[in-house]
Amino acid sequence: MSYITINKAHFKHNLNVIRTHLDSINKNKKIEIAAVLKDNAYGHGLDIMSDLARECGIESVFVKNYYEAICVADKFKNVTFFYGILPSDFDKTKTNIYQSIHSIDDFSVMDKYCDLFNVGVELKVNVGMNRNGIQKSEIEKCINEILKRKMRLVGVFSHNGFGDSDECNFKIQCDNFLEIKEEVLYLSKKMGFNTPRFHSLNSSCTLRSKNSDDDLVRIGIALYGYLTNDIFIESAKDLKPILKLYANKISTKELHKGDRVGYDGLTKINKISKVSTYDIGYGDGFYRINGSKEVKMPNGEQILPKTSMDCFSCFCTDDEICVMDNADYIAKIFDTIPYEVLTRLSPFIKRIVI
Ligand SMILES: *Cc1c(COP(=O)(O)O)cnc(C)c1O
């Protein structure tokens, strides 16, 4: 059966790369590393990655929605879900689960569903990416809505749209967040609420920052061993991918010159060869190879086109084969980013920590 390995030592190493960088950019405060475990922990497996994160001392995590939040709520002090409204039957005992507020309209939707007393929320503020989050001008109004309902404002955050590129725009959005922070601190005194935690940096923003006074950073892709910056970042080259995808042999055939393999017989055999099939296909979330691109495995062997939903063929006979040890390689071939290659991996592939 095909499986995925997660390398614990590499995960710890990546955490260390980030820790070292954070300690160098703020000597007065230990900025917390929060793990982003959304989308099945970037395809690595939410169960296994949440256990690993917890073991490594992570206390705050970010996930996609309430259902992912419930899966990990017992493992962490703080669990924030980025998207969706709390369901009407949400578990009131899990006071460590926080909803992100993206729009002032969220409150009226939530009112219809549930009693909001003591519900923790994190307020997302737009710093110029113009994707999600409330406008800066709406901060006071939003906080009012939160306090009116006796909800808890746990955090205020933003997302910088230029982490991977353009220094000037990156800086503008950082400065916008600084202004937001100042305003929230002012409002906390004026309106009498506890200071929330502030955070604005993902992996690439964190590793390129030369200073930060945030309380935590939200690290996703770097923990998994990748970074997709256009600009050169010294610490990024030390990151180590933690995931490898393995397939097992289904069968081997001896084929002769002129034989053809797979759908439409796209691969033609030139000389007598042993061809085996292995149990990974596009149904497992690995890209479909249709012959327009040549894709090789870490052992140098080509994955022969066309691949099937559940298997592929190659000129190998080993019982087991590593199909992918670096999502960057696959991403480049398919004109995408490692995020997409990884998040597509089926949750039904077995995962083991090594
Ligand atoms: C996904 C996400 C992150 C993590 O981004 P990486 O580039 O993987 O570090 C951080 N913040 C928000 C709001 C996100 O959606």
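For reference, positions follow the sequence shown, starting with 1.
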### Message
Between Glu145 and Lys141, does any side-chain N to carboxylate O distance fall below 4.0 Å?
### Response
no
## Note on the structure
Rounding to 0.5 Å, atoms CD1 (Ile321) and CD1 (Ile303) come to a distance of 8.0 Å
### Message
Has Asn65 got a side-chain atom pairing as donor or acceptor with Phe81's backbone, closer than 3.5 angstrom?
### Response
no
#### Entry: Atom OH of Tyr263: over 12 foreign heavy atoms under 6.0 Å
no
### Query
From Ile58 CD1 over to Phe76 CZ, what is the distance, rounded to the nearest 0.5 angstrom?
7.5 Å
#### Entry: Main-chain N/O of Tyr246 paired to Ser2 side chain as donor or acceptor, under 3.5 Å
no
### Message
Strictly below 4.0 Å, N to O, side chains only: are Lys296 and Glu294 in salt-bridge contact?
### Response
yes
### Query
Taking Thr307 for the side chain and Gly281 for the main chain, is one N or O donor matched with an acceptor at less than 3.5 Å?
no
### Message
Please check: side-chain N/O of Asn14 versus main-chain N/O of Leu223, any donor-acceptor pairing under 3.5 Å?
### Response
yes
### Query
Side-chain contact, heavy-atom cut-off 4.5 Å: Pro87 with Tyr67?
yes
### Message
Checking side-chain polar atoms at under 3.5 Å, does Ser50 have a donor or acceptor matched by the opposite partner on Lys75?
### Response
yes
#### Entry: Chi angles and distances behind the side-chain contact (heavy atoms from CB on, under 4.5 Å) call for Met110, Gln99
CA-CA 11 Å; Met110 290 167 86; Gln99 180 185 314; 3.2 Å; yes
### Ile48 vs Ile4, side-chain contact (heavy atoms from CB on, under 4.5 Å): CA-CA, chis, key distance, verdict
CA-CA 11 Å; Ile48 214 169; Ile4 281 169; over 6 Å; no
### Task
Determine the sole option in Lys30, Arg197, Lys29 for which the side-chain hydrogen bond (donor to acceptor under 3.5 Å, both in side chains) test with Asp215 is passed.
Lys29
#### Entry: Check: Asn248 main-chain N/O paired with Asp279 side-chain donor or acceptor under 3.5 Å
yes
### Pro298 versus Cys322, closest heavy-atom pair with distance
CD-O, 3.1 Å
#### Entry: Phe107: ring pair (Phe, Tyr, Trp, His ring centres under 6.0 Å) partners, not counting sequence neighbours
none
### Query
Does the Ser203 side chain pair with the main chain of Gly220, one donor and one acceptor, at a distance under 3.5 Å?
yes
### Query
Are Val119 and Tyr113 in one and the same hydrophobic cluster, where Ile, Leu, Val, Met, Phe, Trp and Tyr link if side-chain heavy atoms are under 4.5 Å apart?
yes
#### Entry: Test log, rule side chain to side chain donor-acceptor pair (under 3.5 Å), inputs Asp164 and Ser204
CA-CA 6 Å; Asp164 287 332; Ser204 54; 3.2 Å; yes
### Task
I would like to know whether Asp91 and Thr93 meet side chain to side chain donor-acceptor pair (under 3.5 Å); could you show each step before the answer?
CA-CA 5 Å; Asp91 185 343; Thr93 64; 2.5 Å; yes
### Message
Taking Tyr278 as the starting point, is it possible to reach Val295 by hopping between hydrophobic residues whose side chains are less than 4.5 Å apart?
### Response
yes
### Message
Are more than 12 heavy atoms, taken from residues, nucleotides or ligands other than Phe232, located less than 6.0 Å from that residue's CZ atom?
### Response
yes
### Query
Can you list the steps and then say if Cys316 with Asn299 is a side-chain contact (heavy atoms from CB on, under 4.5 Å)?
CA-CA 10 Å; Cys316 301; Asn299 71 357; 3.9 Å; yes
### Task
Side-chain contact test, heavy atoms from C-beta onward, threshold under 4.5 Å: evaluate it for Ile221 versus Thr228 and give yes or no.
no
### Message
Could you check whether atom CD of Glu254 has more than 12 heavy atoms from other residues, nucleotides or ligands sitting under 6.0 Å from it?
### Response
yes
### Task
State yes or no: do Phe315 and Ile280 share one hydrophobic cluster built from I, L, V, M, F, W and Y residues joined by side-chain heavy-atom distances below 4.5 Å, directly or via other members?
no
### Query
If two hydrophobic side chains count as joined below 4.5 Å and joins carry through other members, does Val125 share a cluster with Tyr83?
yes
### Task
Say whether, by atom type as modelled, one donor and one acceptor occur between the side chain of Asn229 and the main chain of Ile231 under 3.5 angstrom.
no
### Message
Salt bridge or not between Asp115 and Lys92? Use side-chain N to carboxylate O under 4.0 Å.
### Response
no
### Message
What I'd like to find out is whether the side chain of Ile33 reaches to under 4.5 Å of the side chain of Arg19, using heavy atoms alone.
### Response
yes
### Query
Any side-chain heavy atom of Cys174 sitting closer than 4.5 Å to one from Asn160?
yes
### Message
Is there a ring-ring contact (aromatic ring centres under 6.0 Å, His included) between His199 and Phe62? Walk through the geometry before answering.
### Response
CA-CA 12 Å; His199 44 103; Phe62 292 83; 5.2 Å; yes
### Query
So, Glu340 versus Tyr287: side-chain donor-acceptor pair below 3.5 Å or not?
yes
### Query
Does the Gln173 side chain pair with the main chain of Gly161, one donor and one acceptor, at a distance under 3.5 Å?
yes
### Message
For the CG atom of Asn144 and the CD1 atom of Ile146, what is their distance to the nearest 0.5 Å?
### Response
9.5 Å
### Query
Applying the 4.5 Å side-chain criterion to the ILVMFWY set and letting contacts propagate, would Leu304 and Phe312 be lumped into a single cluster?
no
#### Entry: Tyr224 and Met49: CA distance, side-chain angles, deciding distance, side-chain contact (heavy atoms from CB on, under 4.5 Å) verdict
CA-CA 10 Å; Tyr224 306 102; Met49 291 310 301; 4.0 Å; yes
### Query
Would a 4.5 Å heavy-atom cut-off, applied to side chains only, mark Lys249 and Asp318 as touching?
no
### Query
Are Tyr3 and Glu320 close enough that a side-chain donor and a side-chain acceptor fall under 3.5 Å?
yes
### Query
Quick one: does Asn40's side chain get under 4.5 Å of Arg351's, heavy atoms only?
yes
### Message
Has Ser200 got a side-chain atom pairing as donor or acceptor with Ser158's backbone, closer than 3.5 angstrom?
### Response
no
### Query
Hey, is the main chain of Ile101 close enough, under 3.5 Å, to the side chain of Asp106 for a donor-acceptor pair?
no
### Query
Under 3.5 Å, is there a donor-acceptor pair between the Tyr226 and Asp328 side chains?
no
### Task
Check whether NZ of the Lys or CZ of the Arg Arg208 lies under 6.0 Å from the centre of the six-membered ring of Phe170 and within 45 degrees of that ring's axis.
yes
### Task
Drop me the distance from Phe82's CZ to Asp39's CG, to the nearest 0.5 angstrom.
10.0 Å
### Task
Check whether any side-chain heavy atom of Leu245 sits under 4.5 Å from a side-chain heavy atom of Ile349, and report yes or no.
yes
### Task
Might you confirm whether atom NZ of Lys350 has over 12 heavy atoms from other residues, nucleotides or ligands at distances under 6.0 Å?
no
#### Entry: Minimum side-chain heavy-atom gap Ile172-Phe162 below 4.5 Å
no
### Query
Which residues pass the salt bridge (Lys or Arg N to Asp or Glu O under 4.0 Å) test with Lys8, sequence neighbours left out?
Glu55
### Query
Counting heavy atoms not belonging to Lys136, are there more than 12 under 6.0 Å from its NZ?
yes
### Query
What is the distance from atom NE2 of His256 to atom CD1 of Ile269, rounded to the nearest 0.5 Å?
10.5 Å
### Nearest atoms (heavy-atom pairs only) where Val184 meets Pro196
CG1-CG, 3.8 Å
### Task
Mark yes when over 12 heavy atoms from residues, nucleotides or ligands other than Lys244 sit less than 6.0 Å from its NZ; otherwise mark no.
no
### Task
Kindly compute the distance separating CE (Met297) from OH (Tyr329), expressed to the nearest 0.5 Å.
9.5 Å
